[in-house]
Each structure stands twice: as C-alpha cells, then as structure tokens.
Trainee: 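Can you read through this structure? Questions will come right after.
Values in this document were obtained by computation on a predicted structure and should not be read as measured data. A note on names: the letters A, B, ... follow the listed sequences, proteins ahead of strands, and every chain is numbered from 1. Note that these values count all heavy atoms, side chains included, but never hydrogens, waters or copies made by symmetry.
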Amino acid sequence: MPKMTMVQALNLALRQEMERDESVVVLGEDVGVDGGVFRVTDGLIQQFGETRVVDTPLAESGIVGMSIGMAVYGLKPVCEIQFSGFSYYTLHQMENHAARLRWRSQGRYGVPLVMRAPYGGGVRALEHHSESRETFWSHIPGIKMVIPSGPRNARALLVSAIRDPDPVVFYEPKALYRAFREEVPEEEEAMPLSRSLIAREGRDLTLIAYGAMMRPTLEAAEKLHSAHGVEAEVIDLLTLSPMDDSLLVASARKTGRVAVVHEAPRSFGPGAEIIARLVEKAFYHLEVPVARVTGYDVVIPLFSRETHYLPGVPRIVHAARQLLAA
Amino acid sequence: MPKMTMVQALNLALRQEMERDESVVVLGEDVGVDGGVFRVTDGLIQQFGETRVVDTPLAESGIVGMSIGMAVYGLKPVCEIQFSGFSYYTLHQMENHAARLRWRSQGRYGVPLVMRAPYGGGVRALEHHSESRETFWSHIPGIKMVIPSGPRNARALLVSAIRDPDPVVFYEPKALYRAFREEVPEEEEAMPLSRSLIAREGRDLTLIAYGAMMRPTLEAAEKLHSAHGVEAEVIDLLTLSPMDDSLLVASARKTGRVAVVHEAPRSFGPGAEIIARLVEKAFYHLEVPVARVTGYDVVIPLFSRETHYLPGVPRIVHAARQLLAA
Amino acid sequence: MPRTRIELADAIEYLSILDENGTLDRSLEPSIPAETLLRLHRTMLLARRFDERLLSLQRQGRIGTFPPIAGQEAAHLGAVAMLRPSDWIVPAFREMAADIWRGRPLESIIVYNNGFNEAGRIPADRNDMPISIPVGSQLLHAVGIAWAIKYRGQSDVAMTFFGDGATSQGDFHEALNFSGVFQVPAIFVCQNNQWAISIPRAKQTRSPTLAQKALAYGIAGIQVDGNDLLAVYAAADEAVQRARAGQGATLIECVTYRMAVHTTADDPKRYRTDAEVEEWRRKDPITRFQTYLAAKGLLAADAVAAEEAAVQAEIQAAVDRAEEQMKRLGDPLLMFEHAYAQMPAYLKEQREEFIRLRAETQEEK
Amino acid sequence: MPRTRIELADAIEYLSILDENGTLDRSLEPSIPAETLLRLHRTMLLARRFDERLLSLQRQGRIGTFPPIAGQEAAHLGAVAMLRPSDWIVPAFREMAADIWRGRPLESIIVYNNGFNEAGRIPADRNDMPISIPVGSQLLHAVGIAWAIKYRGQSDVAMTFFGDGATSQGDFHEALNFSGVFQVPAIFVCQNNQWAISIPRAKQTRSPTLAQKALAYGIAGIQVDGNDLLAVYAAADEAVQRARAGQGATLIECVTYRMAVHTTADDPKRYRTDAEVEEWRRKDPITRFQTYLAAKGLLAADAVAAEEAAVQAEIQAAVDRAEEQMKRLGDPLLMFEHAYAQMPAYLKEQREEFIRLRAETQEEK
Ligand SMILES: Cc1ncc(C[n+]2csc(CCOP(=O)(O)OP(=O)(O)O)c2C)c(N)n1
Ligand SMILES: Cc1ncc(C[n+]2csc(CCOP(=O)(O)OP(=O)(O)O)c2C)c(N)n1
Ligand SMILES: [Mg+2]
Ligand SMILES: [Mg+2]
C-alpha cells in the first residue's frame, strides 16, 4: 500500500469518487486551477475539467447555497470552504435549508452535499485560520459532523460522506495535512459515519478525542504507559454528530475515569455533550469527574502563543494522572 | 408599580436608556414606523426620531456589521433581528468581529452592541420562527448571551446589556411577550449580567431552566409540591454565557438531584454545558444522573405538533419524580 | 483616455403591454392560446378568492398566520405560465397563484397553513421547491439547480421568486453574481410589491430601479408592469428562451403591489395610507385582464359571474377536504421523521423516550 | 411607454491622469503640495522595500505568512493621502503603504507578522481599524462608522479598502446598499489587483467593470488607473469632498496589479504567466511617479538613490527594534486578556488553571 499524507489521501478519495460517479462535482474558492490552497483538489481539474471542478467567486454563503440547489437536483456537490473560520457565512444556508429540505419536503428532496473545511491550529497561520468551532454544526439536527484523524480514515470517511444522502460537514485537521503518512489502499475503502473507534485499548482510564488532538492524545497514552505504567484507552470520535456514544459509554463503564480532549473552547464545546452522554448512560460507573482538556474560552491567540492555548501532551498526561490520583 | 407585559417592559428599558444616553440607537427591520413586528420598539421613532430609530434594509449581516462600526465609533447600537431563526446570517460578523475587536485591537475598540432577537416556540408561528439556538452564541468567547424570563428581569437585564461594554446577544422568549404581566418599576432598575437567580427555594431537587421554560418549570415545581410534597429548587440561568455556575453548583451540592430544562435540541445544547459544570464542580454530591428535559434532536415541527416537541409541565414533573425515585 | 464615460454593454428597459386602462399595445402582445388565457384568468380568480377565504379562516382561528397574495397574481402567474412541467420553480412565500397553476391542491395549502408538516410534501411529479421563508436565501438554490440543469445538458430552466426586500440580502447578490459567472439558465423574478413589511421600496435601496441591479452582474435585466399579465408573460418568455438557448440569466422586476396585509400578523395602517392602497386597487391585475379578455371576445359579460361561482365551489370543496384530512393528521411521532434519510441511533432513542414518556405522563395524570 | 429604455441617473467614468509612459494630463492634475508629493514618494518606496524585506524575513523563517503589496502602493496610498487624522480607515490586509502613512511603525508590522497580538494594538491617536482578514466583512464596519460620524454631526469620512474578490461577498452588497440608503460619508476603495488568489477578475463577476456596481446602489462609482497615484488621489479627493458635503458614498475601483504572491503560502505560477506579470511591471506605480516628480523638478537623478539608502536604513532600524521588542514578548497569560472588558469569573478560573498546570506540568517533566 502506498504511504500518503492526509492531503494525498483526501485527494484520492475525491478522485476515485469522481471517477465512480459523475454526479460528484467539486466547487469552491481556488479548488480548480490552483488545486486548493492546501492542494487537496490538486490535479482534479486536469482530470475532470472545469465543468466538474469549479472555481467559484469569493462568497461562502453562495457556495453552499448553490451546492444545496445542485444537491436537490441530484448531484453530489463537494464544496470547499477555504478555512473553517469563514464557514460561519454558511450557517444560515446550512441550518435553515441544507439541514431541513428533506424534512420540509417530507422526504422528496435530500441534500447530499459535503462541506469540506480545514480547521484547527498548529500551523502558525493568520487570524481566523486556526479555529475549531465544530460545535456550531454538531448542534444542528439534520447535519452530520465528521472529523478524521489520519490519512487513512480521512480518505475512508470522505468517501462515505460523499455517498451519504444527507449534508455532511467535513472538518479536516489542517495540522495533520502533511504531518505524517499512512498506508492508504489504492482500492476503494469506506468507513461508516456515526461510528467511533477504539484507537488504543486500555483498562485504567479513557481518553476521548478527535481530529488533530488524536496525536497528542495517543502520545500521552504512550507516555502514561512508558513512564507511569498506566493503560489508557483512547477513543477516536470521528463523527461528532449524530454521535455514536456506545463506545464512549462502554469504555467509561469499564475504566470509570474519563478525560475529553479538544481544541475548541471549553464552554459549550463538544466535551460538554460527551460528559452529558456519559452522565446519562454511565453515571454509576464514573469514579471521578470527567476532565476536560480543551482550548480556553478565548480566541486562539496569534501563532506565537498558540501552543499555550492548544492542549498538548503534558496537559493530557497531567489530567490523566489527576484522574487516577483522585 | 405599573403592571407590564414583557413587550412593554422591554420598550420601557429602550425608552429610558435612549433618554439617558444619546449614544443609544435602535436599528433593524421594521423597528421604526412599524414599532417592530412584536411592538417592542413601539413609539420610539415618535419620541426619538428616525435618526435614532432606524429602519434598515432587509439584511441581517448588514445590520450587525453596521452596528459593529457604530459601536466601534462609540455609539451603543441596539439592533433587532426580527426572529432568531434569521440571526445565523450574523454569525460571521458576531464571531469574527464583534467578539474579537477588543482583542484584535488589544483593548482599543470595544463593541458595545446588543443584538436582540425573539426566540423559541409556543406562538403557533411559521417555520423558522420558533427556534432556540442560543448554543451558537454561548460558545463564542467574547460574546455574552442573555435570556430573560419575565417582564421585570427582561427590563432590568436589557438595561444592563445596553450599558455593557461588550457585545450581548439578547434572546427574548416570544412566548412570554404577552403571556403575563408583572410589576415593573418606572424608575431605573438594572440587574447584573452573568448572575443566575434562585427562582424558588427547595431542598429535594434542583431544576435549572431559563427563558420561556421558566414558566412550565415553576409550574412543575408547584405541582411537585402540591401533589407530591416535593420541594424543588428552581434556578433561572438568565445569562448563559459567560455562565455563572456558582448557584447551580451550590444547589446541586445541596440537593444532589438535578434536571435541566430547555427547548433547544438536546445534543450539544446548553444542558450539556450545565451538566459538564456540575460534573466538574459538584460530582461527588450528585446522587443520580442529571436529567435533560429538552427539545428533541429534530427541527421543531410546524405548530400543530410543537407542544409535543416543547418540554412541558408533565415531562418536567415526570423527570423530577424519576430523579427522586432513583 | 483621461476621464471618459464608460459605455454600459446592457440596457435596462421597461415593458408594459396592457396598461391600467386596459389599452393594449398590439405590437408587443404575446401570442397565448385562448385556452391558456382562460386558464390564466381562472387561476388568478381562484387564487384571489382563495386568498380571501384563507384570510377569513385565519380570522376565525381555523388556520395560522399566512402571507396573502392579493394584487400580485399577475406578477407571479404570468411568469410561470410558459414553463414546462420539467422546469423548476424556487418560490419565496407569496406565489400562491403559481403554486396552484403548477398543480398544488388547495387543501394542501390549508393543511400547511394549519401547521401540519405533511402538507409540505412535494409530489414526485413536480419539480418545485417548497416555500422558503428566509428572505433571499432561496435564490442560490435556483442557481444551483440551474447549474445542475446545464451540467446535465438539459434545456430546462430554474425560475425563482422573491420580493423587493430580498434584493437587499447578501444572498441575492451572491446568487445573481454566480448566475452571471456560470451563465446558468436561471430566471430571477422580483415581485416588487413596494413594501417589505413596513419598509417602503425607496428605503430598501437607493437605486432607482431594481432591474438595473442586473448591471452589477453582467446579466440581462428588465422592469415590467407586474400587474400586466401580458407584460410579465412576455418578459418571462424572453428570459426563458434566453436561458434555454444557453445565453444566461435574467433579472425581471415586476412592479406590483401587495394590496392586503404582509401576513395576518401585520397591521398596514401603521405604515401606509388607504389612499395608496386605493390607487393601486385601480391597477388591479385581474380586472385589467378581464377587460382584455372581453375585448378579445373570450369572456362574455355573464361569464365572470359563472367563473366566480365555480371558483367558490372549488374552494368550498377544498376546505371540506382539508378539514376531513386534518382529522387523520397530527401523530406526533412524525416529528422524528425526515431529519435524516435513516434515523440515527440517538434519534431512535429519543423517539422511544418520547413514546415511553407519553405513556408514563398519561398514567401520572 | 410600452418598451422603453430606462435612462440611468448616474454615469460611470474612467479616470487616468498620469499614464504608464509618464505622460500627464495637465487639465486633470490635482494640486498637491511639493512636500506632500515627496512624502508620498518616500512612503511608496519605503513600503515597497519593506515589503521585499518582509518577504526575505519570511523566507528565512523569521516571520510568518503575510500578504505582500508590491504593485499596489499607489492604489491605496493615493486614496488616503488627503485624509485628516480624524478620518477613519477600515482596511483589509493589503494596504501597508496607507498603514505606514497613517503612522504605523514598521516594527509593529514585523511583530504582528510574527504572531504577537501586542502588535495589533491601535494607539489612541489613530482612528483606524485593525486589519481585517475575512474578505468583504469590514465594509459594513465602515458604513457603521460613517453612520456614526453623520449622527454626531462630524465632517469626517470612513474609507474602507478591499479587493476585487471581495466584491462577490454578500457583505459587500449589504454595505454598499446601506451606504446608499443612509447616505453616509463612506468611501469604498476597491483595489482590483486582477486576482483573488488564483481566481482572475473575469471569473469573479461578469460585470465589465467593478465600478458600475455602484449603479445597483444609487451611489457614485468611478474606475481609475490604480497605478496612477494622481488619478487615485483625484478620485478619492472628489469622493471625500462628496462625503464631507453630505452627498453620500462613492465606490472607487482602482485598476492595479498584485505583482508578488498572494501570501507567502501561495505559488502564482500555478495560475498566471510570467508574461502577464512582466506586462504589469511596466506599469509600475513607483517608477511612473518618479518620472512625474523628475519632470516637475522635484526629484533629481541622484535623489532616488539617496532615498533608497535612507529607506533601507529605516527598515534595518525597524528590524532591529522589532527583534529587541520581541525578546520581551510572549507571556502566554496575555491570551486571557481583552476577551471582555472585565474578565468573567469562569475565565479567571481558567487563567488560574493555566498557571497551575504550567507549574505542575513543569514539575512532572
Ligand atoms: C432573512 C429573513 N429576515 C427577516 C425575515 C422576516 N420577514 C419576513 S417577510 C419580510 C419582508 C419581505 O419583504 P419582500 O422581500 O419585499 O417580500 P414581500 O413580503 O413583500 O413579498 C421580512 C422582513 C425573514 N423571513 N427572513
Ligand atoms: C470570507 C473569506 N473567505 C476566504 C478567505 C481566504 N482568502 C484570503 S484572501 C482571498 C482572496 C481575496 O481576493 P481579493 O478580495 O481580490 O483581495 P486580494 O487578496 O487580491 O488583495 C481569499 C479567498 C478569506 N480571508 N475570507
Ligand atoms: Mg415586498
Ligand atoms: Mg484581488
């Protein structure tokens, strides 16, 4: 199997889905001739032409609103919002239309669009280029919110997102775009949405994370093992909404000690929902309060300070040890 | 003291603040000549003229974006979004600018705007006129999210919101606009933001709610008392963010049994954050899992079914009794 | 060329064919078969009377809030009259005559206005979108549909409707701009009814016409007398032909008037005078069209009364059918349907919780 | 009037004063004091050389990503040159020469580009907004500021900048429309540099000019040669006078060119030819202005070299000062500041948590 970066793996998913199904079209700012500012759509316009790989004017609500129309007609638009920090312009179209047209038309019109956007910090970028606001989309009934954590699952999840009959927000951890390579099969591979994964088994405590935070979380788990002899179970959420809480609950019941890790601001963030689910379904198994290792309730600082904002291995290890000490 | 509806009380707050401070200006769709579709701004244009009560073109992002400029200059714009279901158009301006200009300019420019919007169900309205999406705003660092629950606190909180140096989203429970009257003092009255209130004292369990849900929650508490001899403590959140969790925590520590009531969809809703706070700060006092009595994770149905969607007295009483039985 | 005037490629025109006195400009009269003319008349009349009936049902508390269309029948019906069934309509919420023309049963409109989601169902044989309440947002859907039509090599068009107020919305701009850049078969029909709730046209934008906004996008623009069904028809027909020929989008401003309330929650006395309404009443699109039909010998003096009676009977039958239908509606479990193509596990749990709670709270009572 | 052409109230003009060969149209030459002309030259030169220096600092990894301005100096500097200190500037992110003109120290630009929030501070004596990255959104702030200026009865103006790409954004539309309706003293300066990253001007919108978009809003619009400082100055001066006189807003399209990368993360070879860049290089705003100054006898042949040397010295001193300053920056606790006017309780707790964790994780190591 070839080793690929996440950018290459996403590109593979797009290319193969476009080959398989001519109703798949790609659109967004700079996705065509430029191949996307991160090169995720590189080469697609050469292969599929500008009728299927569409450079749009600079208008995010327009991109999503137009994608809704395309999807209603029967196409499968995969639109790119250049950075998730500009995706808020699309909230109206997503919440008031994409999420509801199936419901409003009582089943007649689905909206099988995918809205891709790079999210998160860690790449020394400008303001608005490092945010993590997946909560906005996760809270909307009718939307699916997916965040991969590595090249292989990014590819397999994007394939499923494209095939999904409902609107999917697909946030790509830009810090992982080129951070490492993984073997990714050339042949078709899809992974079901709304399923979480056990990324590492363990019995002493549970660490729940997703996206770019999977790496420090797994590293922290290794460190907990090597330095402290602790076996952390690590769960990769993959889909935030509709959330599959079965693994989270099972793991919490097993370990009784849980920390949630995300770079989004803490208050009203994904960690809160995870805690609520655990309280609802595993309360009597929890030995200690679930910990939140998260971004702070401030705007992520400009890049000279962003590592202080982002949860890193030391904070995760520390939280885990406190859970065990309690 | 005169008895007023919430609409009258809000109108009083606006009128008095405009009298007190000529930097307060009101703007939005139909707020002038029409006095607002719910008449909250009724009579203001007659008293203050159209330079201070501004009918705008139909453009929500425009209304908020312009308000940001006004606020930066030193005015105190109070803008109205006609229904909260159309406020998503403003998310970009709110998150990327209103919430950040103080930070971006390192203290030079605050954005003391208030974005008022009626929210919530219960008035047999059209689609998009019954939503409860306060989570969006509550998750944004730099924004304050306030929801009153009665005429008197609506007035006193709006006064504080207008005087506040930071951007405030002020969601008005439209189901309560004319539902009942309360004594509201003619003389100035303000209530601090970021403070919750004990609306009813009790020792057996804690019910946490806000906005339109305060009424069924208090009614449920009465019923629990009269029919079952149970003393429920009821907390009115008033400000969702930045959240004052001290009362919640104290009450949970006292009763050990807590239910959160909101009409927003359950997943990633305000209840999740409240549960997370209680787990962080009152975990060892919780006897049973915190219950969520909320809207379901669907679009609120058109009005013939909305009462089935909205939490009502029976569901709250039932949840409370289950908490006590557990 | 130091300081020179830039010549604009496109001209904006105003079109009127049948004026408010019923005078016809024969050189511009579109050729519409007699049968179609009569069906158009019948539909306008039906829509007008049904609108009135809905208003009285609302006042009696038998339906919820709704937006009347009176005065605007020609402005939207004239635009869809030449469309094929396979063409797409992307409405706002004030196009009832077009909706009826396209096949919407009257009872479905009543049931919808009574807050039952069932009546939002779009049947498989209609390529129309459900009504769209967020002002301005639906224009982009039309652009996407038109893009897809072109992509699939079809000759259909996507026609979308909106009001004067909608032209202020950012999505309006993005939609028209995209339509120009992508040269899609989209037709933007603005029902400029002079008011956006209480905001008069002049306060909505400072451009003297709405049609000239087309100049910002390099697409065709035309202003028409929106109470003149023939002018609306002619302008739309031209736009449809342009679109089918791959020559891009058109913005049509129909100058018309909302004769009734904005919605039943509105009180127009707060913002406009009776005199203004009276003035526009004289430009009524229906009476004007009747004059035309009469002059053409298509509508005898007593035919109007017969039509009125037939229309009223049709409405009464629909009201009866609606009330019959609604007896069988209301199962709350419907609210869990159509959120996703397949109900996710967590929603299934909530649905079960709902069923359980309903039973248990019943018991408690 | 059956089918008539609508006469547009406003005309859109094109303005050029000093053409690319340095030929001057004396009849249009604005009267700018010699001293100001020289300061403008100095600022353009400084901005150009500083831009080059930033690029090399970035390539050395000494600062982060930034958007170079080379080629666009006249297009934005010319527009602010006649403003008073009390006027407001609402920039996008490619107006560095204007920023310097208004008093921004060079070292602050370096420090900002090195990811330190401190350098975003706006001093109390400047009425300018910080740079705004979300394309198109800042125009509305200018409208709000202009509204407030008018409300307060001041004669100041609010001038905002944006690119050709920004004209597609819904907020552009809403801002221009509001400015027309409210007749505020706002000036919208579009630096049409032909590209929005890889999207050429022709794919951004189908309207032949951007200036004509003013017709959609009933405001004045003009297209100018954006590499001609005199033309930009004259057009802006006219707009400023119009605004101060209470006659409303103006859209100015400055036709210019981005000669360098979009940002340092961009590779223009993917989407444009060297030949195109070369062609525009011949229209360089600085050399053209130098020809003009020389012809006026204001800039002797050897004066340019002296200016170049002075500018480089100034830049070096700023780089040194920046590196000195940065040694004292970086305290992570700053991230908790300026979220609100007063730090809320919960944020204080998080700040304490941060301090505690920092200490404890240090220990653990
Ligand atoms: C985005 C949005 N903002 C506000 C509203 C509330 N609202 C409903 S209709 C309307 C006025 C619409 O005016 P216009 O576009 O002229 O259409 P008309 O009602 O005259 O047909 C307003 C403000 C809405 N539905 N959507
Ligand atoms: C709302 C938004 N969408 C996307 C981006 C990413 N982006 C930054 S600059 C740019 C192109 C801007 O083009 P233009 O307005 O012509 O300005 P220029 O860069 O040419 O100065 C894009 C797409 C952004 N910053 N903001
Ligand atoms: Mg209207
Ligand atoms: Mg540009």
Trainee: On a heavy-atom basis, which atom in A:H308 and which in D:M335 lie closest, and how many Å separate them?
Mentor: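 Closest heavy-atom pair between A:H308 and D:M335: O-CE, 3.5 Å.
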Trainee: For D:Q342, I'd like to know if atom CD has over 12 heavy atoms of other residues, nucleotides or ligands within 6.0 Å.
Mentor: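 Result for CD/D:Q342: open.
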Trainee: Report which part of A:F86 has an atom under 4.5 Å of a heavy atom belonging to chain D: side chain, backbone, both, or neither.
Mentor: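 Only the side chain of A:F86 comes within 4.5 Å of chain D.
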Trainee: At a heavy-atom distance under 4.5 Å, which candidate from D:T263, D:I131, D:I133, D:T65 has the highest pair count against chain A?
Mentor: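 Max contact count across the listed options: D:I133.
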Trainee: Going from OG on A:S304 to CG on D:D331, what distance comes out if it is rounded to the nearest 0.5 angstrom?
Mentor: 10.5 Å
Trainee: With rounding to the nearest 0.5 Å, note down the distance linking OH in D:Y112 to CG in A:L302.
Mentor: 5.5 Å
Trainee: Can a salt bridge be assigned to the pair D:E353 and A:R266 using a cut-off of 4.0 Å between side-chain N and carboxylate O?
Mentor: yes
Trainee: Please classify the contact of D:I199 with chain A as side chain, backbone, both or neither, using a heavy-atom distance under 4.5 Å.
Mentor: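 It is both, since atoms from each part get that close.
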Trainee: At their closest point, which heavy atom of A:A59 faces which heavy atom of D:S168, and how far apart are they?
Mentor: CB-O, 3.5 Å
Trainee: Answer with side chain, backbone, both or neither: which region of D:T205 has an atom nearer than 4.5 Å to a non-hydrogen atom of chain A?
Mentor: neither
Trainee: Could you tell me whether the side chain of D:V135 reaches within less than 4.5 Å of the side chain of A:E29, counting heavy atoms only?
Mentor: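 Not in contact.
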Trainee: Atom CD of D:E360 and atom CZ of A:R321: how far apart are they, to the nearest 0.5 Å?
Mentor: 10.5 Å
Trainee: In terms of heavy-atom pairs under 4.5 Å, which option from D:P134, D:G64, D:G163 contacts chain A the most?
Mentor: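 Highest number of heavy-atom pairs under 4.5 Å: D:P134.
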Trainee: Of the backbone (N, CA, C, O) and the side chain (C-beta and beyond), which part of A:T307 lies under 4.5 Å from a heavy atom of chain D, both, or neither?
Mentor: neither
Trainee: I want to check something: taking the side chain as every heavy atom from C-beta on, are D:F66 and A:L126 in contact at a cut-off of under 4.5 Å?
Mentor: no
Trainee: I need the minimum non-hydrogen distance between A:Y296 and D:L357, along with the two atoms involved.
Mentor: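 Closest heavy-atom pair between A:Y296 and D:L357: OH-CD1, 4.3 Å.
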Trainee: Please look at A:V33 and chain D and tell me whether the side chain, the backbone, both or neither of the residue comes under 4.5 angstrom of a heavy atom of that chain.
Mentor: both
Trainee: Taking D:P268, D:G136, D:S198 one by one, which has the highest count of heavy-atom pairs under 4.5 Å against chain A?
Mentor: D:S198
Trainee: Is any NZ, NE, NH1 or NH2 atom of the basic residue among D:K269 and A:D34 found under 4.0 Å from an Asp or Glu carboxylate oxygen of the other?
Mentor: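 Salt bridge flag = no for A:D34 with D:K269.
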Trainee: Are D:D171 and A:Y89 linked by a side-chain donor-acceptor pair shorter than 3.5 Å?
Mentor: yes
Trainee: Specify which of A:Q82, A:H128, A:E127, A:R124 makes the most heavy-atom pairs with chain D at under 4.5 Å.
Mentor: A:H128
Trainee: If I take atom CD from residue D:Q204 and atom CG from residue A:L58, how far apart are they, to the nearest 0.5 angstrom?
Mentor: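 These two atoms lie 5.5 Å from each other.
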Trainee: For the CG atom of A:D30 and the CD1 atom of D:I197, what is their distance to the nearest 0.5 Å?
Mentor: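 The CG atom of A:D30 sits 4.5 Å away from the CD1 atom of D:I197.
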Trainee: To check you understand the geometry: which heavy-atom pair defines the closest contact between D:A339 and A:V298, and what is its length?
Mentor: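 Here D:A339 and A:V298 meet closest at CB-CG1, 4.4 Å.
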Trainee: Heavy-atom count around A:E50 CD within 6.0 Å, excluding the residue itself: above 12?
Mentor: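 Count not over threshold, so no.
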Trainee: Can a salt bridge be assigned to the pair A:R305 and D:E118 using a cut-off of 4.0 Å between side-chain N and carboxylate O?
Mentor: yes
Trainee: If you measure from CZ on D:F354 to OH on A:Y309, what distance do you get to the nearest 0.5 Å?
Mentor: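 So the gap between those two atoms works out to 12.5 Å.
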Trainee: Do you know which of D:Y340, D:Y271, D:Y346 has the most heavy-atom pairs with chain A at a distance under 4.5 angstrom?
Mentor: D:Y346
